[in-house]
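As the structure lists them, so they are numbered: ligands from 1, and atoms in each ligand from 1. Along the sequence shown, residues are numbered consecutively beginning with 1.
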Amino acid sequence: MQLSLLNQLRDQNPVILNISNFVTVQDVANGLNSLGASPIMSEEIAEADALVQMSGAVALNLGAFTKQQLAHIQKTGELANKYHKPLIVDPVAIGAVAYRREVAEQLFQQFQVDIIRGNAGEIAALAGMDWQAKGIDAGEGDGDKVTIAQAAANQHHCVVILSGPTDIITDGTRVVQVKNGTPLFQLHVGSGDMLSSIVAAFAAVSGGDYFAAAQTACLVFASAGELVASELPAELPGTFAMKLIDELHLVTVAEVERVARFA
Ligand SMILES: Nc1ncnc2c1ncn2[C@@H]1O[C@H](COP(=O)(O)OP(=O)(O)OP(=O)(O)O)[C@@H](O)[C@H]1O
Ligand SMILES: Cc1ncsc1CCO
Ligand SMILES: [Mg+2]
């Protein structure tokens with residue numbers, strides 16, 4: 001685990017270009033900003049070239065797009081490849097909506113993604129494995145999640161993060177499991193979207209080691225949430241979300257090391 005990447009991220013303050021969804025865009029921007037990166041969002045294809053060039057990494061969220069926005073998403077992914085910027089995709093709800101899955105598969109033929117971050121329902125869909133996803137949620141399935149994540153990584157030639165109570169990070173061969181977190185994450189819509197953009201921020205400072213970036217991002221984010229939850233007097237989703245933003249700013253390498261549980 002390369003926790004020194006957290007300090008590098010804060011020192012370098014990389015610009016992270018996000019095509020977000022309209023539901024969680026502000027959480028994504030504030031999560032990145034609070035952690036120590038510099039978010040920029042865009043909905044205009046005419047500025048895509050300039051924005052990709054100035055960015056340290058690009059995060060594409062497939063949460064809620066129109067056909068026009070899809071053209072923008074595709075162009076931005078192609079530009080990330082052209083300018084050799086780390087490219088992260090969050091394939092929201094592709095396990096539940098066939099149209100989204102087809103769109104995602106078409107996009108993955110237009111550009112090479114470096115890291116895909118999704119829940120079990122989304123990653124199972126990518127791997128072509130049986131799973132009952134439910135809307136944006138992971139849903140139910142009895143397949144082995146490590147096998148599913150490895151299959152998705154091998155099929156898409158990238159690092160895959162299958163997030164949930166345990167985050168599984170794999171490049172198809174190597175596997176790391178981050179066991180930190182809190183069920184409160186599930187009570188805040190956009191926890192996954194925040195994680196995906198934070199993965200991009202770590203990728204920006206990783207020197208091309210996307211497996212290390214993905215692990216460290218998962219550990220820092222889940223540990224921050226766990227630290228917040230441990231101080232709350234009850235299950236308070238609104239307070240959790242607010243304090244998570246605070247904790248992303250405050251959390252230190254030493255604090256993450258103290259609570260870290262991974263294998
Ligand atoms: N039951 C849980 N216990 C501990 N941590 C959890 C739990 N569920 C999710 N997490 C954490 O929540 C974060 C987001 O992952 P999750 O799999 O919920 O994303 P998601 O389903 O895409 O969320 P959304 O689409 O609602 O934003 C990760 O850091 C993950 O470790
Ligand atoms: C609720 C919701 N619907 C489309 S995107 C989104 C936020 C989670 O990505
Ligand atoms: Mg999600």
Is it the case that the side chain of [X] and the backbone of [Y] share a donor-acceptor pair, with hydrogens and angles ignored and the cut-off at 3.5 Å?
{"X": "Asn180", "Y": "Val259", "result": "yes"}
{"X": "Gln186", "Y": "Asp137", "result": "no"}
{"X": "Gln106", "Y": "Val103", "result": "no"}

By number and element, which atoms of ligand 2 are closer than 4.0 Å to a non-hydrogen atom of [X]?
{"X": "Val92", "result": "9 (O)"}
{"X": "Asp193", "result": "7 (C), 8 (C), 9 (O)"}
{"X": "Thr24", "result": "7 (C)"}

Original post:
Does the side chain to side chain contact (heavy atoms under 4.5 Å, CB included) test come out yes or no for Met1 and Val176, once each step is laid out?
Top reply: CA-CA 9 Å; Met1 197 61 72; Val176 167; 4.2 Å; yes
Subject >> Of all pairs that satisfy ring-ring contact (aromatic ring centres under 6.0 Å, His included), the ones with a partner from residues 191-246, not counting sequence neighbours >> reply: Phe185-Phe221, Phe185-Phe240
Please tabulate, one line per pair, the protein nitrogen or oxygen atoms found under 3.5 angstrom from a nitrogen or oxygen of ligand 1, with distances to 0.1 Å, or say none if there are no such pairs.
from     : atom 1 : to     : atom 2 : distance (Å)
ligand 1 : 1 (N)  : Gln186 : OE1    : 3.0
ligand 1 : 5 (N)  : Thr182 : N      : 3.2
ligand 1 : 5 (N)  : Thr182 : O      : 3.4
ligand 1 : 15 (O) : Ser163 : OG     : 3.4
ligand 1 : 17 (O) : Ser163 : O      : 3.4
ligand 1 : 17 (O) : Ser163 : OG     : 2.7
ligand 1 : 19 (O) : Arg117 : NH1    : 3.2
ligand 1 : 21 (O) : Asn119 : ND2    : 2.9
ligand 1 : 22 (O) : Arg117 : NH1    : 3.1
ligand 1 : 22 (O) : Arg117 : NH2    : 3.1
ligand 1 : 23 (O) : Gly192 : N      : 3.4
ligand 1 : 27 (O) : Gly190 : N      : 3.1
ligand 1 : 27 (O) : Ser191 : N      : 3.2
ligand 1 : 27 (O) : Gly192 : N      : 2.7
ligand 1 : 31 (O) : Gly164 : O      : 3.1
ligand 1 : 31 (O) : Asp167 : OD1    : 2.8
ligand 1 : 31 (O) : Asp167 : OD2    : 3.0

Subject >> Residue pairs fulfilling side-chain hydrogen bond (donor to acceptor under 3.5 Å, both in side chains) with at least one residue in residues 143-153, sequence neighbours excluded >> reply: Asp144-Thr147
**OP:** Among residues two or more places apart or on two chains, list those pairs meeting side-chain hydrogen bond (donor to acceptor under 3.5 Å, both in side chains) that have a residue in residues 236-257.
**Re:** Thr252-Glu255
Original post:
Quick one: does ligand 2 sit under 4.0 Å from the side chain of Val189, the backbone, both or neither, non-hydrogen atoms only?
Top reply: side chain
**OP:** Please write down residue, atom name and distance for the protein heavy atom closest to atom 6 (C) of ligand 2.
**Re:** Val23 CG2, 3.7 Å
Original post:
Can you tell me if Asp27 and Thr24 form a side-chain donor-acceptor pair at under 3.5 Å?
Top reply: no
Subject >> Best match, Gly63, Ala93, Gly190: closest heavy atom to atom 4 (C) of ligand 2 >> reply: Gly63
Original post:
Would you call Asp171 and Arg174 a salt bridge, using N to O less than 4.0 angstrom?
Top reply: yes
